[in-house]
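So the structure is just underneath, and the comments pick up after that.
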Amino acid sequence: MKITSNKKTVVVREYRLEVGTVQVFENYMVASFDEGATITLERTYQIIGISEIHFRDKDFGYISLRKNSYAIDPTVYNYLRGLDNLKAFAIVSKKEIDMHNFNIEKMFYKKPMEFFIEFDNALAWVQKRLGLKNGRNSA
């Protein structure tokens, strides 16, 4: 699985959380969680807090890199749905189980959410949802 972009990227800030890493870029964030982690509501609040620091007054996208297997409490999507400025939620994985999980997660989230095999395709979709042209305000 290709999880990096060919384009020049500038990480605004990187956060190392107890369950993984969140990288913040100009108009999106990329999260990669550790093998065996459990994403609970409490841990989701950390990610929401990061989004409020960097994207308080602007729209942004979220890309989840599913390199490892981990559990997500589906009720977190009720809270993520409340982030009005979160305009795109992308999941990147080549694992079939992640595709099945995505279909379940999408039922809880109920906002624009897509599944991708390649990171560049996910990034292009996020930028399109944000109304950005490739190369402009992108990483």
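- Closest non-hydrogen pair, Val22 versus Ala31, comes out as CG2-CB, 4.2 Å.
- By the side-chain contact (heavy atoms from CB on, under 4.5 Å) test, Glu96 pairs with His100, sequence neighbours left out.
- The shortest distance between side-chain heavy atoms of Met113 and Ile91 falls below 4.5 Å.
- Under the salt bridge (Lys or Arg N to Asp or Glu O under 4.0 Å) criterion, Asp59 pairs with no residue, sequence neighbours left out.
- With sequence neighbours excluded, no residue forms a ring pair (Phe, Tyr, Trp, His ring centres under 6.0 Å) with Phe108.
- Side-chain atoms of Lys111 come within 3.5 Å of backbone atoms of Leu83 as a donor-acceptor pair (strictly under, hydrogens ignored).
- The two residues Val12 and Phe25 come nearest to each other via the heavy atoms CG2-C, 3.7 Å.
- For Tyr70, the side-chain contact (heavy atoms from CB on, under 4.5 Å) test picks out Phe33, Ala37, Ile39, Ser64, Arg66, Ile72, with sequence neighbours left out.
- Linking Ile, Leu, Val, Met, Phe, Trp and Tyr residues whenever their side-chain heavy atoms come within less than 4.5 Å places Ile104 and Tyr62 in a single cluster.
- For the salt bridge (Lys or Arg N to Asp or Glu O under 4.0 Å) condition, no pair includes a residue of residues 122-131, sequence neighbours left out.
- Between the CG atom of Leu132 and the CG atom of Leu123 there is a distance of 9.5 Å, given to the nearest 0.5 Å.
- Cluster membership check: Val92 shares its hydrophobic cluster with Leu130, using side-chain heavy-atom separations under 4.5 Å among Ile, Leu, Val, Met, Phe, Trp and Tyr.
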List the atom pairs, donor and acceptor, that lie under 3.5 Å between side-chain atoms in residues 50-57 and the rest of the protein, sequence neighbours left out.
residue: Ser51; atom: OG; partner: Ile48; partner atom: O; Å: 2.6
residue: His54; atom: NE2; partner: Tyr15; partner atom: OH; Å: 2.6

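- Ring-plane geometry between Tyr45 and Tyr79 is classed as perpendicular, the angle between the planes exceeding 60 degrees on a 0 to 90 degree scale with a lower cut at 30.
- Legend: residues meeting side-chain hydrogen bond (donor to acceptor under 3.5 Å, both in side chains) with Tyr77, ordered by chain and number and at least two apart, are Glu105.
- Under the salt bridge (Lys or Arg N to Asp or Glu O under 4.0 Å) criterion, Arg16 pairs with Asp34, sequence neighbours left out.
- One hydrophobic cluster holds both Val19 and Val76 under the rule that ILVMFWY side chains link at heavy-atom gaps under 4.5 Å.
- In this structure, Leu80 and Leu86 approach most closely via the heavy-atom pair O-CD2, 4.3 Å.
- In terms of heavy-atom proximity, Met29 sits nearest to Phe60 at SD-CE1, 3.7 Å.
- The two residues Val11 and Glu14 have their closest heavy-atom pair at CG1-N, 4.1 Å.
- Residues passing the salt bridge (Lys or Arg N to Asp or Glu O under 4.0 Å) test with Arg43 are Glu18, sequence neighbours excluded.
- Asn68 is linked by a side-chain contact (heavy atoms from CB on, under 4.5 Å) to Glu35, counting only residues two or more places apart in sequence or in another chain.
- For the side-chain hydrogen bond (donor to acceptor under 3.5 Å, both in side chains) test, residues two or more places apart in sequence or in another chain that qualify with Asp73 are Thr75.
- Side-chain atoms of Thr38 do not come within 3.5 Å of backbone N or O of Thr40 as any donor-acceptor pair.
- Ala90 pairs by the side-chain contact (heavy atoms from CB on, under 4.5 Å) definition with Ile63, Phe116, Ala122, Trp125, Val126, not counting sequence neighbours.
- Rounding to the nearest 0.5 angstrom, the gap separating the NZ atom in Lys95 from the CG atom in Asn101 is 9.5 Å.
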